[in-house]
Peer 1: 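Here's a structure for you.
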Amino acid sequence: MDKAINEWLLKYEPIKKIAKMIHTEELPEETDTLALQRSGVENLPLKYITDTGWYRQYQYALLLKANSEDDIQRLENLDWLDDLNDWIDQRNILREYPILKNRTIKQASCANAITYDTNEDGSISTYYLQLYFNVRGGI
């Protein structure tokens, strides 16, 4: 599932200006990199009593490591995350989700585009965007 989400995110054209790939779990040392970390899985209630299978929310953190030497760079980085949020909202409206084996994504959403960490001199920051994928399976 993580690979499918990673490939789906790479369809967002501005990602290619930042990184050629999205790393799994950890950011490398260099700047202008992205990493996707799974942060949790939560069971969701099925819609109808007669439904079979399961419904879960898979939660991820998308980390962006970028230069943040001044206010302009910091604002641009946060704007970039806001634009990605808008893209995900649009994919949700169009129901264009990652394709999974034996599972179906029913909704994608995101929240909390924030500055997560900054190095000592403030020149490099890590930004955080929560991603949520509601998935049906076991049918």
Side-chain angles (χ1 to χ4, degrees):
M1 186 161 132
D2 296 359
K3 183 178 179 185
I5 291 171
N6 192 318
E7 290 171 357
W8 178 75
L9 287 168
L10 287 171
K11 292 179 181 177
Y12 178 58
E13 284 299 319
I15 277 183
K16 295 172 186 166
K17 293 179 183 174
I18 290 183
K20 292 179 181 162
M21 65 179 292
I22 300 172
H23 298 275
T24 302
E25 295 299 320
E26 295 183 17
L27 286 166
E29 290 297 317
E30 57 272 356
T31 58
D32 297 329
T33 56
L34 295 161
L36 186 66
Q37 296 179 344
R38 188 181 294 193
S39 57
V41 178
E42 183 179 328
N43 286 323
L44 299 173
L46 294 169
K47 189 172 184 178
Y48 301 105
I49 219 166
T50 57
D51 281 347
T52 59
W54 51 262
Y55 193 40
R56 296 181 189 135
Q57 183 178 78
Y58 288 79
Q59 303 159 1
Y60 292 86
L62 181 68
L63 303 174
L64 164 65
K65 187 178 193 180
N67 292 320
S68 60
E69 295 171 358
D70 55 35
D71 287 341
I72 293 171
Q73 284 182 326
R74 287 187 279 279
L75 290 170
E76 286 174 351
N77 293 332
L78 289 169
D79 284 346
W80 188 89
L81 289 173
D82 289 340
D83 292 343
L84 175 58
N85 189 336
D86 293 343
W87 181 83
I88 290 172
D89 286 344
Q90 186 64 33
R91 300 289 73 71
N92 204 44
I93 291 166
L94 299 171
R95 298 187 185 277
E96 291 178 0
Y97 303 122
I99 297 171
L100 308 175
K101 293 180 183 175
N102 303 321
R103 301 173 187 184
T104 305
I105 293 179
K106 295 294 187 179
Q107 182 179 14
S109 59
C110 48
N112 299 327
I114 60 169
T115 304
Y116 179 71
D117 189 32
T118 303
N119 70 349
E120 284 185 29
D121 67 2
S123 64
I124 299 171
S125 293
T126 301
Y127 300 87
Y128 175 98
L129 180 67
Q130 289 175 286
L131 304 175
Y132 303 101
F133 296 90
N134 294 357
V135 179
R136 272 298 302 269
I139 320 174

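Please read all numbers here as calculations on a predicted model, not as lab measurements.
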Peer 1: Other residues, nucleotides and ligands only: do more than 12 of their heavy atoms fall within 6.0 Å of NZ on K16?
Peer 2: yes
Peer 1: For the residue pair Y12 and W87, does the interplanar ring angle fall in the parallel (under 30°), tilted (30 to 60°) or perpendicular (over 60°) class?
Peer 2: tilted
Peer 1: About how many Å separate CG of D32 and CG of L27, when rounded to the nearest 0.5 Å?
Peer 2: 11.5 Å
Peer 1: Rounded to the nearest 0.5 Å, what separation is found between the NZ atom of K20 and the CG atom of L34?
Peer 2: 13.5 Å
Peer 1: Quick one: does W8's side chain have a donor or acceptor within less than 3.5 Å of a partner on I99's backbone?
Peer 2: no
Peer 1: Are the side chains of Y97 and F133 in touch, meaning some heavy atoms are under 4.5 Å apart?
Peer 2: no
Peer 1: Is it the case that over 12 heavy atoms from other parts of the model lie below 6.0 angstrom from the CD atom of E26?
Peer 2: no
Peer 1: Just checking L94: does its CG atom have more than 12 heavy atoms from other residues, nucleotides or ligands closer to it than 6.0 angstrom?
Peer 2: yes
Peer 1: L62 pairs by side chain to side chain contact (heavy atoms under 4.5 Å, CB included) with which of L131, I88, I5?
Peer 2: L131
Peer 1: L64 and L10: same hydrophobic cluster, using ILVMFWY side-chain contacts below 4.5 Å?
Peer 2: yes
Peer 1: Membership question, hydrophobic clusters at under 4.5 Å side-chain separation (ILVMFWY): are Y128 and L78 in the same one?
Peer 2: no
Peer 1: Pairing donors with acceptors under 3.5 angstrom, does anything connect the side chains of N67 and Q73?
Peer 2: no
Peer 1: P98 and A4: which non-hydrogen atoms are nearest, and at how many Å?
Peer 2: CB-O, 3.7 Å
Peer 1: Which atoms form the tightest heavy-atom contact between L44 and R56, and what is the distance?
Peer 2: CD1-C, 3.8 Å
Peer 1: Answer whether the closest heavy-atom distance between the side chains of I105 and L100 falls below 4.5 Å.
Peer 2: yes
Peer 1: Does any non-hydrogen side-chain atom of W80 lie less than 4.5 Å from one of P14?
Peer 2: yes
Peer 1: Is the number of heavy atoms from other residues, nucleotides or ligands under 6.0 Å of N43 CG greater than 12?
Peer 2: yes
Peer 1: Give a yes or no on whether I18 and L9 share a hydrophobic cluster (residues Ile, Leu, Val, Met, Phe, Trp, Tyr; joining criterion: side-chain heavy atoms under 4.5 Å apart).
Peer 2: yes
Peer 1: Are the side chains of M1 and V135 in touch, meaning some heavy atoms are under 4.5 Å apart?
Peer 2: yes
Peer 1: What's the spacing between E96 CD and R91 CZ if we round to 0.5 Å?
Peer 2: 4.5 Å
Peer 1: If we ignore angles and hydrogens, is there a donor and acceptor under 3.5 Å between the side chains of D117 and Y127?
Peer 2: no
Peer 1: Under the rule for salt bridge (charged side-chain N to carboxylate O under 4.0 Å, His left out), what residues qualify as partners of D71, not counting sequence neighbours?
Peer 2: R74
Peer 1: Compare every heavy atom of L36 with every heavy atom of N6, then report the nearest pair and how far apart it is.
Peer 2: N-CD2, 4.3 Å
Peer 1: Heavy-atom count check: over 12 atoms from other residues, nucleotides or ligands less than 6.0 Å from E29 CD?
Peer 2: no
Peer 1: With a 6.0 Å cut-off (strictly less than), is the heavy-atom count around CG of L46, excluding the residue itself, greater than 12?
Peer 2: yes
Peer 1: For the atom pair CZ (R136) and NZ (K47), what is the distance rounded to the nearest 0.5 Å?
Peer 2: 10.5 Å
Peer 1: If you define the side chain from C-beta out and look only at heavy atoms, does anything of Q59 sit under 4.5 Å from V41?
Peer 2: no
Peer 1: To the nearest 0.5 Å, what is the distance between CG on L84 and CG on D89?
Peer 2: 9.5 Å
Peer 1: List the residues meeting salt bridge (charged side-chain N to carboxylate O under 4.0 Å, His left out) with R38, not counting sequence neighbours, and say none if there are none.
Peer 2: D2
Peer 1: With the side chain counted from C-beta on, respond yes when I22 and I15 share a heavy-atom pair under 4.5 Å apart, and no when they do not.
Peer 2: yes
Peer 1: Any idea which heavy atoms bring W54 and G138 closest together, and the distance?
Peer 2: NE1-N, 3.5 Å
Peer 1: Under 3.5 Å, is there a donor-acceptor pair linking the side chains of D121 and N119?
Peer 2: yes
Peer 1: Looking only at heavy atoms, what is the nearest atom pair of N85 and C110, with distance?
Peer 2: OD1-SG, 3.0 Å
Peer 1: I need the minimum non-hydrogen distance between P28 and K65, along with the two atoms involved.
Peer 2: O-NZ, 3.0 Å
Peer 1: Can you tell me how far apart CD1 (I114) and CG (L129) are? Round to the nearest 0.5 Å.
Peer 2: 9.5 Å
Peer 1: Do side-chain atoms of S125 reach the backbone of T118 as a donor and acceptor pair under 3.5 angstrom?
Peer 2: no
Peer 1: When you look at OH of Y132, are more than 12 heavy atoms from neighbouring residues, nucleotides or ligands closer to it than 6.0 Å?
Peer 2: yes
